[in-house]
Each structure stands twice: as C-alpha cells, then as structure tokens.
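One structure is given here, and the rest of the page talks about it.
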Amino acid sequence: MTDLATGERTFAETIERDQRVEPRDWMPDGYRKTMIRQIAQHAHSEIIGMQPEGGWITRAPSLRRKAILLAKVQDEAGHGLYLYSAAETLGADRGDLTRRLIEGRQKYSSIFNYPTLSFADVGVIGWLVDGAAICNQVPLCRSSYGPYARAMIRICKEESFHQRQGYELLMTMMRGSDEQRAMVQDAVDRWWWPSLMMFGPPDADSPNSAQSMAWRIKRHSNDDLRQRFVDMSAPQAEALGVTLPDPALKWNAEREHYDFGAIDWDEFKKVISGGGPLNRERIAHRKRADDEGAWVREAAAAHARKQREGARA
Ligand code: 3HC
C-alpha cells in the first residue's frame, strides 16, 4: 500500500514527466473523480449520439448510404463501450453511471439534443459534429490517464472515417438538385452554432478546465479547441459551397485565425440543464433501452456465476 507522501510525489512526477497514470497507481481523489466525470460524460455522449442518426438508417436513400450509416452508428456504440470500460478501471460501475445519466445526475454532449430533420443532417453531423469531436479528442490521445488516452487513439481513427463520409455525402448532394443543395444549407444553418457549443463554456466560465489542464487530462482549453475547429471548418464550407450562418465570420490576418460571432450561452445553459429541443426524448429512449436490456444483463450475470461455480467445483 503506497503511503500518502510517496503517492503524492510519484503522481506529481508522473504528470511532470508527461507520463501516464495507470489504474493501479496512487492518484488524488479529485483526479479520480474528475476522470470518472469526464469519461462518463464522454461515454454517455457516444451512446446517446447513436439516436440522432440511428433514426435515418431505415430511411437511407441507397444501400451504400445505409451500410455506411450502420457502420458509423455501430462505431459510436463501440466508443461508448471502450469508454465505460475505461471508467470501470477507476472503480466506477457501468450500471451506476447509466442510472446517473438517466436521472440527470451526469451529462452528455448538448449537440445530441437537436433534431435530424433530413438526410442532409446525417452528412452535416459527420462533417461538423464528428469534425468537432476530432478537434476535441485528438489532444485527449495524450491525456494523462492511460486507459482514456489509449481508448482515444482507436476512437479518433474511427472518427476520421465518420467525418470523411459525412463530407463526401454533402459533396454528392451539393452536386445534385437545387432542393438537395437547399437541404444541405438548411442543415448547416441548424448545426453550426450547436457544434461550437460542443467545446464547452468559455474558458472564463469553465470550472473544471484549470485543474484538468494542470493534471494534463485536457491539453488545450475549450476556447483554443473551438478556435481550431472554426479555422478548420471555414475553408471546408467554402469548398463545399455552403455559407456558415455567422455574418461576423472573417479571416483575421493579424491573428491568423477566423474571427467569429457571439455564441448564445443562454441556449447552451438551457440545453445542458435539460431544456433542449429533444433532451426528454433522448433520455426516455435511453431508459427504455436500459429497461428492455435488463434481462440480457441478468442472464449474462447468471451465466457468469454458474461458470465461476463450475470452475470452483
Ligand atoms: N454538453 C454537455 N455538457 C457540457 C458541454 C457540452 N457541450 N460542455 C461542457 N459541459 C459540462 C461539463 O461536463 C461540466 O459539467 P459537469 O461538471 O457536471 O460534468 C460543465 O459543463 C462545465 O464545463 P467544463 O468546461 O468546466 O467541463 P470540462 O472541463 O469537462 O470540459 C468538455 C467539457 C470539453 C466537453 C470535456 O469534458 C471533454 O473534452 N470531454 C470529452 C470529449 C467529449 O465529451 N466530446 C463530445 C461528445 S462525444 C462525441 O462528440 C461523439 C462523436 O462520435 C460525435
């Protein structure tokens, strides 16, 4: 058993040397707590994130689009499972985390509370939402907690497929009819600002950022990653032939970044506290799936118990 002084020193040296904290290492309670909070929020986001696009699988316009969308939604399920497993290495219980989500005691990404009104939304989610996820998650591949960083490496490889398929879908629609081009622009208008909110509140209003950066959980601030996403997306929008719904969006040669307009933080606060367009439906769907899956979990647990008893006999 590591004594406190040795534990604190070893932990501090590990962070200082930019090395990985592993499950069996001593860690401050606060580190464990915020890692479980962030990993759970991320895992919940992946699982809830299956809903907006999942509803379009049966309505995809071709077998090819259906197969791509199926693969993407399955990937999101896998991302959730890796992340719940990473949370379990910190002593969290997957069932308890699911209850916290359903009871509103843990969050999931605000972005998934918006409706997907046409198939163009599937493309825009791939391009903007998965694009924002890549901006936010690539630095997390260097997060100080080993199991989380390693899960991110695999997740980021799959996110880049998600982003590319979305952008390719939109390129195809933009070469189509006027109606298809209008569908794409309408989806961009609806998803642009909520995508900027994915990076979290402004740094000045982020209660977790300073400590998370000191512990090298987060490698960049919310605002820095948001700016990186805007700088990446603006030229992509131009190449696609769509207009991002921000009249203030403009390249600033002095800053060497795009300037952009004010984000509606009141909307953000409303959505993350449960008042978004589809929060209730998303949680009700998750609760139904959890209730309907209870028998599978009970059967698997009974089978595992029998296996253990058999092995002991
Ligand atoms: N939606 C919901 N809650 C949000 C949020 C958002 N967009 N942004 C911030 N919050 C919450 C935080 O969770 C925190 O609440 P809590 O203390 O109850 O958990 C509070 O708002 C204050 O925010 P902070 O900036 O202080 O919190 P963090 O330091 O945790 O930063 C974060 C927020 C940048 C989202 C960070 O948690 C993070 O990087 N998480 C991991 C990555 C992630 O979750 N990405 C988005 C969803 S996954 C996804 O996109 C799936 C893909 O397949 C599309």
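The model shown is predicted, which means the values in this text are computed figures rather than measured ones. We count ligands from 1, going down the list as the structure has it; atoms in each ligand are counted the same way.
Within the 4.0 Å heavy-atom criterion, the part of Q38 lying near ligand 1 is the side chain and not the backbone. Residue contacts with ligand 1 for M198 involve both N, CA, C or O and side-chain atoms from C-beta outward (heavy atoms, distance under 4.0 Å). Contacts of N136 with ligand 1, taken as heavy-atom pairs under 4.0 Å, involve the side chain alone. Contacts between N222 and ligand 1, counted as non-hydrogen atom pairs separated by less than 4.0 Å, involve the side chain only. Residue contacts with ligand 1, taken as heavy atom pairs separated by less than 4.0 Å, involve S45 solely via side-chain atoms from C-beta onward.
Checked by distance only, ligand 1 and S212 stay at 3.5 Å or farther apart across all their nitrogen or oxygen atoms. Note: no N/O pair closer than 3.5 Å links A133 and ligand 1 by distance alone. Distances between N or O atoms of Y148 and those of ligand 1 include no value under 3.5 Å. Checked against a 3.5 angstrom limit, the closest N/O atoms of H79 and ligand 1 fall outside it.
With ring centers used as reference points, Y84 lies 6.0 Å or more from H79.
Heavy-atom distances between E159 and ligand 1 reach below 4.0 Å in at least one pair. Ligand 1 has P201 within reach: a non-hydrogen atom of the residue lies less than 4.0 Å from it.
Below 30°, between 30° and 60°, or above 60°: for F199 and F229 the angle between ring planes is between 30° and 60°, a tilted geometry.
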>> Evaluate Q41 against H44 for side-chain hydrogen bond (donor to acceptor under 3.5 Å, both in side chains), listing each step before the verdict.
In response: CA-CA 5 Å; Q41 193 257 25; H44 297 330; over 6 Å; no
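Salt-bridge annotation for R64 and E168: present, with a side-chain N of the basic residue lying under 4.0 Å from a carboxylate O of the acidic one. Look at R297 and D290 and you find a salt bridge, because one of the NZ, NE, NH1 or NH2 atoms lies within 4.0 Å of a carboxylate O, short of that distance. A salt bridge is absent between D25 and R20: the closest approach of a Lys/Arg side-chain nitrogen to an acidic carboxylate oxygen does not fall below 4.0 angstrom.
Looking at N222, its side chain never comes within 3.5 Å of a backbone N or O of D203 through a donor-acceptor pair. Although no hydrogens or angles enter the test, the distance criterion places no donor-acceptor pair under 3.5 Å between the side chain of N113 and the main chain of P277.
The atoms of ligand 1 that sit less than 4.0 Å from any heavy atom of M197 are 7 (N).
Distance check for atom 32 (C) of ligand 1: every protein heavy atom is found at 4.0 Å or beyond.
Residue pairs meeting the side chain to side chain donor-acceptor pair (under 3.5 Å) criterion with at least one partner in residues 265-279, sequence neighbours excluded, are Y114-E267.
For atom 19 (O) of ligand 1, the closest non-hydrogen atom of the protein is R37 NH1, 2.9 Å.
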